[in-house]
Amino acid sequence: MSARPRVCVLHVGGTIGMVRTATGFEPQPGFLQRYIAAMPEMDRPELPAHDVVILEPLLDSADMAPEDWLRIAAAIVARYDDYAGFVVVHGTDTMAYTASALSFLLPELQKPVILTGSQLSLENVRSDGREHIITAILLAGTLAVPEVCIYFASRLLRGNRAQKIHNHDFVAFDSGNLPPLASVGVSVDLADHLVRAPGTGKLVAPALKCEPHVASLRLFPGVAARLLEQVLAAPMQGLVLETYGVGNAPSRDPALLAAISAATGRDVVVVNCSQCHGGSVRQTLYSTGAALARCGVISGRDMTPEAALTKLYCLLAAGLSPAQVRARMQEDLAGELEPD
Ligand code: ASP
């Protein structure tokens with residue numbers, strides 16, 4: 001009989017492993033590990049074997065910062081050769097950012113890295129976390145999906161295409177521009193044609209060449225030129241501008257457009273991403289979008305703002321020049337962008 005594949009479960013935080021305290025839910029070290037150890041399903045031969053590794057400090061994902069993306073990536077690289085796949089147990093609030101960042105930090109994957117969490121803590125009798133953990137381990141150990149994914153509510157989504165869309169429903173994530181890589185019902189149905197080809201398997205622990213300054217700004221009616229001037233002021237290097245519809249912005253305020261032009265003239269990379277959950281940016285369709293293109297704003301096409309922000313961060317952190325960052329932002333690096 002062949003040996004069971006082995007999966008590494010990295011616990012980094014989130015509601016799933018939290019307990020109620022006097023000041024609200026907080027991660028409790030050891031709780032998730034003890035809970036999983038007590039689950040009878042974990043010894044079943046059809047489920048991959050697993051080790052649980054706690055990455056301290058366990059965090060509410062609202063507290064996560066780019067250094068935590070690097071910490072998680074480094075933990076995967078350090079154990080990469082020892083496991084068939086990885087499950088990252090993470091909070092839902094910023095899971096789409098971490099999944100996107102990991103997809104850019106680990107470009108040569110040959111194995112699945114699956115983030116999961118839950119809407120209700122395992123402490124709750126109706127928690128959605130129990131099935132998420134079991135299925136994520138199963139998929140990480142058995143599926144030929146060499147990608148960073150999110151498993152949630154019976155769907156395996158490409159991580160850099162996913163967004164948190166609900167804070168109450170169990171269906172907390174969706175991918176507006178790409179169908180699920182796998183749908184999990186009575187059987188696991190893999191959409192083979194969507195899955196990316198494996199990389200070389202040679203992973204390197206990401207190292208920061210510099211500390212990037214990036215931001216995102218969601219446009220709103222009445223947005224003042226001064227606000228954009230302030231956001232785009234030095235040392236800002238990259239901005240995700242979250243625009244209306246197919247990439248439109250207010251075009252009747254010359255000061256607003258001048259603020260953007262001045263920034264792109266100083267080599268700040270400004271990327272246009274839509275506030276809409278589905279569809280693509282088309283900067284030439286309306287003159288309000290074309291105005292942005294004339295200011296030097298590049299189209300983020302169908303990238304999520306989460307993917308665009310983390311991509312900007314990773315490219316700048318790798319020490320690329322502004323011209324290189326502009327070029328690579330418009331290339332598909334990890335399945336985050338529609339083909340041209
Ligand atoms: N605030 C929690 C977190 O993101 C929410 C969750 O996990 O669902 O860590």
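Counting starts at 1 for both ligands and their atoms, in listed order. Please read these numbers as outputs of a predicted model, since none were measured by experiment. Heads up: numbering here begins at 1 and tracks the sequence.
Pairs engaging residues 143-165 under the ring-ring contact (aromatic ring centres under 6.0 Å, His included) rule: His132-Tyr151, His132-Phe152, Phe152-Phe173 [sequence neighbours left out].
Residues Glu338 and Ser280 have side chains that bring a donor and an acceptor to within less than 3.5 angstrom of each other. A donor atom on one side chain and an acceptor atom on the other are found under 3.5 Å apart for Asn160 and Ser103. With hydrogens and angles left out, the side-chain atoms of Ser61 and Asp63 include no donor and acceptor closer than 3.5 Å.
A salt bridge is absent between Arg226 and Glu229: the closest approach of a Lys/Arg side-chain nitrogen to an acidic carboxylate oxygen does not fall below 4.0 angstrom.
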Chi angles and distances behind the salt bridge (Lys or Arg N to Asp or Glu O under 4.0 Å) call for Asp68, Arg71: CA-CA 5 Å; Asp68 299 301; Arg71 198 163 59 88; 3.1 Å; yes
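Residue-level contacts of ligand 1 at the 4.0 Å heavy-atom threshold are Gly14, Thr15, Met18, Asp60, Ser61, Gly91, Thr92, Asp93, Ser118.
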